[in-house]
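First the structure, in the form of structure tokens, and then the observations on it.
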Amino acid sequence: MKQGFIGFGNLAKAVYRGLKEEKNMEFAYFDLSRKEVNIPYFEEMGHLLVFADVIWLTVKPQDLGNVLTRLKQHDISGKTIVSPVAGKPIAYIEQFLGKEQRVVRIMPNLAMAYRKSVTAFATNQPGNREAMKIYELLGKLGKVVELEESGFDLFTSVFGSGPAFILAFIQIFKDKMQEFNLPGSLLDELLLELTRGTTDYFAQNQQQYSIEELIQNITSKGGTTQAGLEYFRTHEIGKHFEGVLDAARDRSAEMSRNGNG
Ligand SMILES: NC(=O)c1ccc[n+]([C@@H]2O[C@H](COP(=O)([O-])OP(=O)(O)OC[C@H]3O[C@@H](n4cnc5c(N)ncnc54)[C@H](OP(=O)(O)O)[C@@H]3O)[C@@H](O)[C@H]2O)c1
């Protein structure tokens with residue numbers, strides 16, 4: 001399968017890293033400038049389109065309109081368009097390329113590079129063999145779930161932006177540890193181990209216990225965790241954090257509306 005990227009930034013790089021060891025896979029890209037990557041670079045978009053079976057629209061939302069305007073000047077029938085572009089529905093892409101064009105919309109995150117993304121999938125050709133090939137490909141890059149497009153805004157806030165929010169939380173832990181005067185790199189290692197230990201604990205017990213029960217298991221009556229959790233609940237930290245997810249979801253919805261207009 002020949003993967004062609006239009007725009008070779010962070011996300012294209014993550015897809016490439018995640019897939020580069022796969023058999024029978026070739027890669028190339030078109031971008032405004034050559035990037036530091038050892039795959040063919042096409043200076044003309046048209047040349048990439050001749051090469052590729054699958055065309056990844058890996059550009060920022062504000063650049064998508066320009067790219068689609070150029071794309072529609074070429075014959076890309078039979079090829080599959082994959083768009084990870086936040087807030088841009090399939091209908092937006094169809095306005096340029098027509099309803100016959102096979103489009104797969106996805107919402108992944110950068111953990112694709114380590115095959116640990118959680119990716120939402122929607123297509124205008126459900127059940128189509130080529131579209132399902134993309135579904136299978138995404139399964140190699142982590143977990144994939146087929147979703148109505150109406151769910152993409154919420155999904156984007158949790159799983160697309162989620163890594164940034166979890167890291168922002170970890171940064172709070174790190175800031176708190178500054179008073180120990182440990183080197184930053186050691187702090188990062190310690191926090192990484194904390195995160196890994198927590199995800200392992202979650203992974204090994206999640207079939208038997210709810211998250212609430214897992215929290216209870218590390219909370220002794222009158223102890224330190226309980227004191228912290230009480231503060232968490234009294235000050236409605238969870239509710240405030242929901243505000244973070246709501247803001248991201250609302251922004252995604254806003255971008256979708258602009259995209260349709
Ligand atoms: N990053 C994430 O975690 C993530 C997660 C989910 C979805 N997404 C979606 O993935 C898309 C790409 O995000 P990204 O983080 O990879 O962005 P990025 O790092 O900014 O990469 C975009 C690339 O496209 C190039 N470009 C801009 N205009 C172009 C044009 N007209 N033709 C060809 N190439 C062009 C840029 O070149 P220059 O560098 O020269 O400007 C850059 O190399 C976005 O729409 C985003 O919503 C990203």
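Ligands are counted one by one from 1 in listed order, and the atoms in each one are counted from 1 as well. As the structure is a prediction and not an experimental result, all values here were calculated from the model. Positions are given from 1 along the sequence.
In this structure, Y41 and Y29 have tilted ring planes: the angle between them lies in the 30° to 60° band. The aromatic rings of F169 and F241 sit perpendicular to each other, their planes meeting at more than 60°, with 30° as the lower class boundary.
With 3.5 Å as the limit, one finds no donor-acceptor pair spanning the side chains of E213 and N217. If you check the side chains of S83 and R105, you find no donor sitting under 3.5 Å from an acceptor.
At least one donor-acceptor pair under 3.5 Å links the side chain of T234 to the backbone N or O of E230.
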Pairs of nitrogen or oxygen atoms, one from ligand 1 and one from the protein, closer than 3.5 Å: please tabulate them with distances.
residue  : atom   : partner : partner atom : Å
ligand 1 : 16 (O) : N10     : N            : 3.1
ligand 1 : 16 (O) : L11     : N            : 2.7
ligand 1 : 17 (O) : K60     : NZ           : 3.4
ligand 1 : 19 (O) : N10     : N            : 3.0
ligand 1 : 19 (O) : N10     : ND2          : 3.1
ligand 1 : 37 (O) : D31     : OD1          : 3.1
ligand 1 : 39 (O) : K35     : NZ           : 3.3
ligand 1 : 43 (O) : D31     : OD2          : 2.8
ligand 1 : 45 (O) : V59     : O            : 2.6
ligand 1 : 47 (O) : A86     : N            : 3.0

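When each of L64, I81, V67 is tested with I6 by the rule side-chain contact (heavy atoms from CB on, under 4.5 Å), just one qualifies, namely V67.
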